[in-house]
There are 2 protein chains.
Amino acid sequence: MDKPATIKDIARTLNLSTSTVSRAMRNAPDVNIETKKAVMALSEELNYQPNKLALSLKQKQTHNIGVIVPNLDYVLATMVRGIDEVALEAGYTVMVCQSNESFGREIVNTRRLLDSLVDGFIVSVSSETKVFDHFKKIQEKKMPMVVFDRVTPFLKAPGVRLDNTDGGFQATEHLIEQGYKRIAILAGPKNLGISNHRLDGYLAALKKYKIKPDPDLIIHCDFNQQYAYLATQELLNMKKRPDAIFTISDRMAIGAMLAIKEKGLKMPHDIGLVGFNNEPVVSLLTPGISSVDQPAFELGKVAAKLFIETMHHDGDMSEVEEVLKPKLHIRESSLRIIPKNTRSK
Amino acid sequence: MDKPATIKDIARTLNLSTSTVSRAMRNAPDVNIETKKAVMALSEELNYQPNKLALSLKQKQTHNIGVIVPNLDYVLATMVRGIDEVALEAGYTVMVCQSNESFGREIVNTRRLLDSLVDGFIVSVSSETKVFDHFKKIQEKKMPMVVFDRVTPFLKAPGVRLDNTDGGFQATEHLIEQGYKRIAILAGPKNLGISNHRLDGYLAALKKYKIKPDPDLIIHCDFNQQYAYLATQELLNMKKRPDAIFTISDRMAIGAMLAIKEKGLKMPHDIGLVGFNNEPVVSLLTPGISSVDQPAFELGKVAAKLFIETMHHDGDMSEVEEVLKPKLHIRESSLRIIPKNTRSK
DNA sequence: TTAATTCCCGGGATCGTTCCCGGCATCGCT
DNA sequence: AGCGATGCCGGGAACGATCCCGGGAATTAA
């Protein structure tokens with residue numbers, strides 16, 4: 001009564017072989033209806049739970065998915081929820097590991113999960129990561145792996161991502177339409193794809209409106225609030241300071257906002273601000289910060305679907321890339337109701 | 001070259017038995033230093049990774065910890081990071097499952113992990129959960145389980161929690177010291193321990209200052225922003241409206257803030273506000289909202305330590321309960337610099 | 001009556017690893 | 001020379017399940 005019941009216990013007390021019990025469990029056709037009932041009844045009584053380990057060992061699959069994320073902020077936590085949603089539905093359990101944006105931690109985590117614990121990976125790479133050997137090792141083992149959110153050209157794998165270029169474009173075009181002339185961008189680290197794509201969108205919007213990009217207004221800084229704060233201070237101290245800032249994350253937008261308030265400038269009048277991610281926070285601030293919304297939950301679901309597809313599909317899927325569309329949410333920080341007085345300059 | 005290398009492959013090519021190779025791997029004393037070297041060299045070359053499944057099957061432990069959380073908001077994500085920190089150090093991998101505050105989902109998750117995937121659990125129960133049979137099933141299997149953050153008297157298990165009573169006391173006393181006279185509390189669901197304890201602290205503070213609690217000022221509402229918003233509207237429409245509100249979470253504080261602003265009241269002058277959790281958000285709002293900080297990361301670490309202790313300690317530890325201290329962070333929402341004019345009423 | 005078919009079931013190998021047990025040298029000691 | 005001690009290694013069972021193969025009994029067909 002101490003140890004959990006096994007298939008053998010059932011076989012013994014019923015005077016059957018383990019094979020028969022096993023078949024009865026899986027409702028195989030070639031077993032007598034009576035014995036089937038007996039097995040079911042006894043397994044119910046003994047509260048029998050099949051040992052997943054033994055099963056996994058035998059058929060060489062664990063039905064676990066390793067999910068590697070750089071952190072668990074609002075956006076990623078939402079995506080993970082999306083992954084969880086469809087994974088559970090498909091009979092998979094997810095193992096979430098956060099790398100804390102640390103390269104070393106990312107390696108440790110993948111190795112741990114790689115030790116025959118998972119059937120494959122769904123990853124979003126850390127911003128620190130510049131070399132991808134640990135992920136390539138996954139692929140060498142022929143394990144399915146899909147990347148999401150933060151995809152990179154250095155890693156050939158099926159993936160799902162936001163149309164970050166479009167997001168950058170929407171934000172920038174909106175600022176232009178609101179009459180802002182000198183629009184700065186706080187971009188992230190140069191090796192991060194999402195950062196570069198949003199920057200591309202920014203440049204594309206400028207080009208469309210025939211605005212010459214000013215290198216002084218393009219800042220690459222680390223992906224957090226403090227750096228954004230410092231970078232914004234510098235921007236505002238320029239002799240020809242920008243009259244609008246587009247930050248590629250809401251965290252950075254908040255850092256920028258703090259610097260702007262400190263300087264005594266008013267949004268949206270003196271300066272416009274648009275962020276990215278549309279975290280719930282930004283609607284609560286005064287003024288509310290405009291932000292590019294991404295369908296995080298949906299993106300997570302697509303990632304998991306893609307993973308399951310990859311599992312069942314033997315061919316090469318590394319070219320597959322789903323792209324979801326962002327949508328700008330406009331708030332007070334960038335809304336000069338009607339572009340009036342813009343020519344008073 | 002296709003399949004991953006096993007201990008047998010090494011044994012075969014080296015003309016050894018699997019037993020010897022196994023011993024060599026684990027650096028057992030009774031194996032020749034030469035053979036040991038040879039084994040090591042070959043296993044390096046073949047990129048041998050021991051099969052965790054086989055190992056787990058043999059020794060009946062997986063070195064996985066199942067972590068069940070109601071969601072992954074700021075506080076819980078931080079706690080999970082803390083758990084991860086010490087778990088990894090101790091050679092454990094954590095499997096995080098979110099129940100989305102849903103009772104049913106919680107059951108599904110525990111059952112999944114229970115299928116011989118984890119050695120034990122670290123759980124924070126969903127706010128919806130009123131019956132704990134699924135958790136008791138864990139204990140019947142003699143699996144270690146520790147609870148954290150949301151502990152409940154209905155579940156006898158070692159745990160770590162915040163001194164919520166003290167937190168409620170600190171918040172309320174602070175409001176009293178600031179000269180507020182009619183202090184309302186937005187508490188959570190009645191079956192939630194953390195909610196009741198914070199309420200106890202509130203009552204204790206009132207008692208200390210000989211203020212008679214007013215039942216009309218004690219509101220139980222659901223644990224989210226929207227409900228807090230509605231409840232606050234009602235509070236503010238009372239004929240003798242409160243002049244301060246203590247909410248037991250920051251989400252609720254934000255809901256309250258929205259209602260307050262809508263009503264045209266000014267903080268801290270017309271009304272004081274204190275939240276709970278000290279999420280980064282609250283310092284960014286205008287005015288900044290005072291909030292009771294909890295050492296979430298530390299709490300997660302303690303939970304994991306407790307778990308590991310429980311693993312290695314055979315005796316009953318269900319009486320163990322660690323309690324961490326919160327600390328109020330005061331901001332503009334409740335700070336009437338010097339209690340002047342308070343008697344002008 | 002005999003052969004063929006169907007229905008149920010058991011035997012044993014297998015997955016990758018550990019671990020108990022026992023065997024065969026070699027060495028040292030009396 | 002004979003004995004035990006020691007060092008090093010192999011054999012095989014075990015963990016809990018699946019699955020191929022084969023076999024006996026009963027039923028049916030020839």
Side-chain angles (χ1 to χ4, degrees), chain A residues 2-40 42-43 46-64 91 114-119 141-143, chain B residues 2-40 42-43 46-64 91 112 114-119 141 143:
Chain A
D2 209 6
K3 300 288 168 199
T6 80
I7 215 171
K8 280 185 195 168
D9 300 326
I10 299 181
R12 195 151 3 100
T13 58
L14 251 48
N15 270 333
L16 288 172
S17 75
T18 60
S19 330
T20 309
V21 178
S22 170
R23 269 179 301 228
M25 289 295 183
R26 283 167 297 132
N27 207 9
D30 57 344
V31 48
N32 191 309
I33 183 75
E34 297 297 333
T35 33
K36 208 177 281 186
K37 273 184 191 165
V39 168
M40 288 307 182
L42 187 59
S43 78
L46 295 183
N47 195 16
Y48 167 77
Q49 298 282 84
N51 187 318
K52 277 238 168 112
L53 289 174
L55 217 160
S56 297
L57 178 61
K58 188 97 208 340
Q59 19 220 30
K60 296 185 185 306
Q61 50 174 328
T62 62
H63 284 272
N64 292 147
L114 210 47
D115 290 346
S116 37
L117 280 183
V118 299
D119 289 343
K141 293 208 175 193
K142 304 246 185 276
M143 274 198 185
Chain B
D2 209 6
K3 301 287 168 198
T6 82
I7 215 172
K8 281 186 195 168
D9 300 326
I10 299 183
R12 194 153 2 101
T13 57
L14 251 47
N15 270 331
L16 288 172
S17 76
T18 60
S19 330
T20 309
V21 176
S22 170
R23 270 181 300 229
M25 290 293 183
R26 284 168 296 136
N27 207 10
D30 57 344
V31 47
N32 191 309
I33 183 73
E34 297 298 331
T35 32
K36 209 177 281 185
K37 274 183 191 165
V39 169
M40 289 307 182
L42 187 59
S43 78
L46 294 183
N47 194 16
Y48 168 77
Q49 298 282 82
N51 187 318
K52 277 237 166 110
L53 289 174
L55 216 160
S56 297
L57 178 60
K58 192 97 215 323
Q59 21 220 31
K60 297 187 186 304
Q61 50 174 327
T62 61
H63 284 270
N64 292 147
R112 253 210 151 67
L114 211 46
D115 289 346
S116 37
L117 280 183
V118 298
D119 290 342
K141 292 207 176 193
M143 273 197 188

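Here the structure is a predicted model, which means the values were calculated and not measured. Here is how names work: the chains are called A, B, and so on, in the same order as the sequence lines, proteins then strands, and each is numbered from 1.
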Side chain of [X] - closest among [options]:
{"X": "A:A54", "options": "C:dG10, D:dG16, D:dC9", "value": "D:dG16"}
{"X": "B:Q59", "options": "C:dT18, C:dC9, D:dA17", "value": "C:dT18"}
{"X": "B:K8", "options": "C:dC9, C:dT17, D:dG16", "value": "C:dT17"}
{"X": "B:S17", "options": "C:dT17, D:dG11, D:dG16", "value": "D:dG11"}

Quick check on [N]: is either OP1 or OP2 less than 4.0 Å from any side-chain nitrogen or oxygen of [X]?
{"X": "B:T20", "N": "D:dG10", "answer": "yes"}
{"X": "B:T6", "N": "C:dG16", "answer": "no"}
{"X": "B:Q49", "N": "C:dG16", "answer": "no"}

Worksheet entry | Residues A:S22 and A:R26: side-chain donor-acceptor under 3.5 angstrom | yes
Original post:
How about A:P50 and A:M25: do any of their side-chain heavy atoms sit closer than 4.5 Å?
Top reply: no
Minimum side-chain heavy-atom gap A:L16-A:T35 below 4.5 Å:
yes
Using a 4.0 Å heavy-atom cut-off, does [X] contact any base of the nucleic acid, only the sugar-phosphate backbone, or nothing at all?
{"X": "A:L16", "result": "sugar-phosphate"}
{"X": "B:N51", "result": "sugar-phosphate"}
{"X": "A:N15", "result": "sugar-phosphate"}
{"X": "B:T35", "result": "sugar-phosphate"}
{"X": "A:R26", "result": "sugar-phosphate"}

Value in whole Å for how far the [atom2] atom of [N] lies from [atom1] of [X]:
{"X": "A:D30", "N": "D:dC19", "atom1": "CG", "atom2": "P", "result": "12 Å"}
{"X": "B:L117", "N": "D:dG16", "atom1": "CG", "atom2": "C1'", "result": "14 Å"}
{"X": "A:I10", "N": "D:dT18", "atom1": "CD1", "atom2": "P", "result": "11 Å"}
{"X": "B:R12", "N": "D:dG10", "atom1": "CZ", "atom2": "P", "result": "14 Å"}
{"X": "B:L55", "N": "C:dG16", "atom1": "CG", "atom2": "P", "result": "13 Å"}
{"X": "B:I33", "N": "D:dC8", "atom1": "CD1", "atom2": "C1'", "result": "13 Å"}
{"X": "A:L57", "N": "C:dT14", "atom1": "CG", "atom2": "C1'", "result": "9 Å"}
{"X": "B:Q61", "N": "D:dG16", "atom1": "CD", "atom2": "P", "result": "14 Å"}

Is there a donor N/O on one and an acceptor N/O on the other, under 3.5 Å, for the side chain of B:K58 and the base of C:dT18? yes
Classify the side chain of A:S19 versus the base of C:dG11 as yes if they form a donor-acceptor pair under 3.5 Å and no if they do not. yes
* To do: Report yes or no: does A:K36 contribute a side-chain atom to a donor-acceptor pair with the main-chain N or O of A:A28 at less than 3.5 Å?
  => yes
A:T62 side chain vs A:L117 backbone, donor-acceptor pair below 3.5 Å: yes
On DNA chain D, more 5' by nearest nucleotide between B:K60 and B:N32 is B:N32
NZ (B:K60) and CG (A:N51) are apart, to the nearest 0.5 Å, by 7.0 Å
